[in-house]
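Read through the structure below, which is laid out as structure tokens, and then see the notes.
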Amino acid sequence: MTLKEALKLSPEEIAQVREALAQKIAQSDLNAYVALDMAGSGIPIAIKDNIQVQGWSVTSGSKILKGYIAPYNATVIEKLHAAGLSPFGRTNMDEFAMGSTTESSCYGRTLNPHNKGCVPGGSSGGSAAAVAGGLAIAALGSDTGGSIRQPAAFCGIVGLKPTYGRVSRYGLGAYASSLDQIGPMTQNVEDAALLYDIICGHDPKDSTSADIAYAPTAPNLSANRKLTVAILPKYVEGASEAVRAGYTKAISALKAAGHTIVERELLDPKYDISAYYITATAEATTNLARYDGIRYGARVEGDNLKDTFIRTRSEGFGDEVKRRIMLGNFVLSSGYYDAYYVKAQKVRQLIKHEYETIFQEVDLILSPVAPSTAYPFGALEDPLTMYLSDIYTISVNLAGLPSIALPVDRDAQGLPVGMQLIGRAYDEQTVLDGAYSLELQLKTQE
Amino acid sequence: MFEVIIGLEVHVQLNTKTKLFCSCPTSFNHTQNTNTCPTCLALPGALPVFNREALHKAVMFGTAIDATINRTSYFDRKSYFYPDSPSAYQITQLYTPVVEHGHLMIDFEDASQKRIRINRAHIEADAGKNIHEGDISKVDLNRAGTPLLEIVSEPDMRSADEAILYLKKLHSIVRYLDISDANMQEGSFRVDVNVSIRPKGEEKLYTRVEIKNINSFRFIQKAIEIEVARQIEAWEDGVYASEIVQETRLFDQAKQETRSMRGKEEAADYRYFPEPDLLKAVVDDAMFAAATQIPELPDAKRERFVQEYAMNAYNAEVITSLPEMARYFETMVALGASAKNSVTWLTVELLGRLKNGVTIETSPVRAATLSMIVKRIEDGTISGKAAKEVLDYLMEHDAEVDAVIEKLGLKQVSDSGALEKIVDEVLLANPDKVAEYRSGKDKLFGFFVGQVMKASKGSANPQSVNDIVKAKLG
């Protein structure tokens, strides 16, 4: 059942849907959910474990927050309630959204519904697996460097990362404040538009929330607009054969749907990786400094104050989180700040400018979401290899742009291949229109 | 000979209604941890929203010290772990503060002045409080997120006296602007002192030592003097390089010494970087126009008092030192008391009667009442001596001035009929003295007046008595 269908149901029918979903979740072995918490009785929406729901134990997939009960609702949760939708189940994620596989969760790994030996992607792997596995009508995820789009691609669903500032971050457990954005993870483009319309909007509680006009996208969703789409032939060279094949397939479908294709180039993505990991870890190291065991969460008592801090954080955080905290502290250290952080911000401006230049002439950019399809568990044990797997998603966060991931193909093993359409800032409508058109065209071709 | 170099950092708590980044009240003396919310507790997902009232007050201060107001300033995160800092970073303004390059003038007793430069004033959030009870430490976060204005001087002061003059002037400006309670005991005006010495004639700056959080002008003076002595002694003993290191020291008022708080090897790296949760702080035209209209400052008021009321410099200084005092005085004058008598009755009689922590603000006798007392002296209703009794009574009781005069029977008798009767009685009772006077012993005049005053129990108008006695004795 899609969200669009669910929105037409009576309260009694919704109650039945909730009951059926609960049973399915209980029988599932995907480990998409870490707990089947509920709030309200509306249309059930799965919630990533870093979005605050009042009364829920929201832990960002981390041992350090075990036992913490959120005393307030994130703004997106208030908006769900107001629209007759209800938080239904906490979904698994990489600890503090730091990862691309959902393997770093303290609740254990989530399985990819298409192949249980493969990762679902991350960090919103639980939300993606829940939607792909028929365990959720739709879900909320968060995307800091691809954490909505990459698991959506690995699990064959639709994931929208809105423009930075479109959806309030109030109540989203922060990873990297200038990059984080909550977005919908759905079965199709139409549902993504519907859920996006519900959660977006200016929020006075989030100073970085955009105080500009918000027109609903779903009622205006159109597959008939003829758009100019840039493709990036050189950029795609490093991707796997299956991804390149999917890219070609998507280009043909866009052409067949009547869109104009033009070729463009982007900066070498190695700059994206550097700028992203410096910015994100600098912000993360401060955002995660509050987890000290003093006021809430799991405390490990030490011999003195300093020892308590050290033991709490040493035992509470996993390896990947510690690695990024150390990286962030390093790049902010006196003597290194200019060489790393300041330089990364300059690169970030360059990237932003590069996109702006391209968007003077085109409506959308077609890009892979990840260099490969879903891989087996443990394949990305080397952290640097994992960081490099983010090359296609992170520049979008650095530039603050909207981007939607949608499935376009399957690889030889039957695993989904996803592509993303990137748009101008605040132009979610065009991003959704382009994706809707591509989705329909691919369906027609089948 | 040595020269002393002093720079001061003052944390002024801004008296906004709500905290700097959330809508919790800033009021004190509430039950611990009740003035808190997800933002000032740094719960996961909570975000800061800038309270622009703090920006307005910072611009007022910048205007008062003739500084550059940065119409756009930015916030930065300063990282350190401490239980009273819930997010483990302080939101402050390192790279672009709202106020830069100002100055104020300090006044010496010989009426000369010195210009002290102020490097910057930036907005930042206060921490909570740690309360240590034996083996247990408690954290109260009611204060966490209260707005502070950190005012950083240049190292322009050359003695403890200059430092105190600067602090008193700064304190007075902040009070006049009404941007802070500036109560040192309650911690809304906190001073960190940076002290170094150098041989006279040298230009270079030597190692500076910071002394933190000293909560009275007297202790600051003492702490500086003791620290300077320590540094000079180390220099003279040839151990300056090893003894005097850049560090933070605490002033122990009981032991009269400064003591190392943390060593150089543990010097903190605060890892500053721009705060990504907040936008830039912009002083728009409307705020700039409003915030640069500041009330009359102490220096200007003092000058005006000297000119307008022919006050001497000392009295003008005393009366303008606190805005409440100046307001009290101006109210007295506005209600009809003469400036000259108002000065005396305010600075000598009233201040002399304020005890046990009662201040001009909490004085039981308000300006209108004291003004009335002065007016009653000036219109001849009561004598100055009687007025003191009235004031004494009013310090203890809430009543109208005229009613008190009536009640205590202090009204002067100016009615010549009544006075003549008393004078006649006095003259009749002292025929020998009258004879002596008439034979040329002029000094006895005072005796007769005194006897009349005594007989009237002090209620006679001395001028009238004088006149009548003189007339009767012919």
Against chain B, label [X] side chain, backbone, both or neither, depending on which of its atoms sit under 4.5 Å from a heavy atom there.
X      : value
A:I51  : neither
A:D180 : neither
A:I294 : side chain
A:N287 : both
A:E283 : both
A:L65  : side chain
A:Y68  : side chain
A:R295 : side chain

Does a side-chain heavy-atom distance below 4.5 Å link [X] with [Y]?
X      : Y      : result
B:L41  : A:Y296 : no
B:F273 : A:T286 : yes
A:K205 : B:P48  : no
B:P44  : A:F96  : no
A:L305 : B:P83  : yes

Inset, instruction - For B:P274 and A:Y341, work out which heavy atoms get closest and say how close. - result: CD-CE2, 3.6 Å
For [Y], does its backbone N or O pair with a side-chain atom of [X] as donor and acceptor, under 3.5 Å?
X      : Y      : answer
B:Y272 : A:L332 : no
A:R290 : B:L43  : yes
B:D269 : A:S333 : no

Inset, instruction - Measure the spacing between OG of A:S177 and CD of B:E275 and express it to the nearest 0.5 Å. - result: 6.5 Å
Legend entry - CG-OG distance between A:D292 and B:S87, expressed to the nearest 0.5 angstrom: 9.5 Å
If you count the non-hydrogen atoms of other residues, nucleotides and ligands that lie under 6.0 Å from [atom1] in [X], is the total more than 12?
X      : atom1 : result
A:I212 : CD1   : yes
A:K66  : NZ    : yes
A:F317 : CZ    : yes
A:Y336 : OH    : no
A:K343 : NZ    : no
B:Y206 : OH    : yes

Legend entry - Contact class of B:S79 relative to chain A, heavy atoms under 4.5 angstrom: side chain
Legend entry - B:Y89 versus chain A, the contacting section by heavy-atom distance below 4.5 Å: side chain
Looking at [options], which makes the most heavy-atom pairs under 4.5 Å with chain A?
options                        : value
B:S85, B:P276, B:S137          : B:P276
B:A42, B:A88, B:S23            : B:A42
B:L141, B:V139, B:L278, B:D277 : B:D277

Inset, instruction - Test B:Y95 against A:Y337 for ring pair (Phe, Tyr, Trp, His ring centres under 6.0 Å), laying out the working first. - result: CA-CA 13 Å; B:Y95 297 108; A:Y337 176 74; 5.7 Å; yes
Inset, instruction - Name, in order of residue number, those residues of residues 139-146 of chain A that have a heavy atom at a distance of less than 4.5 Å from a heavy atom in chain B; otherwise write 'none'. - result: none
Inset, instruction - Select, from A:G171, A:S60, A:S178, A:G328, the one with the greatest count of heavy-atom pairs under 4.5 Å involving chain B. - result: A:G171
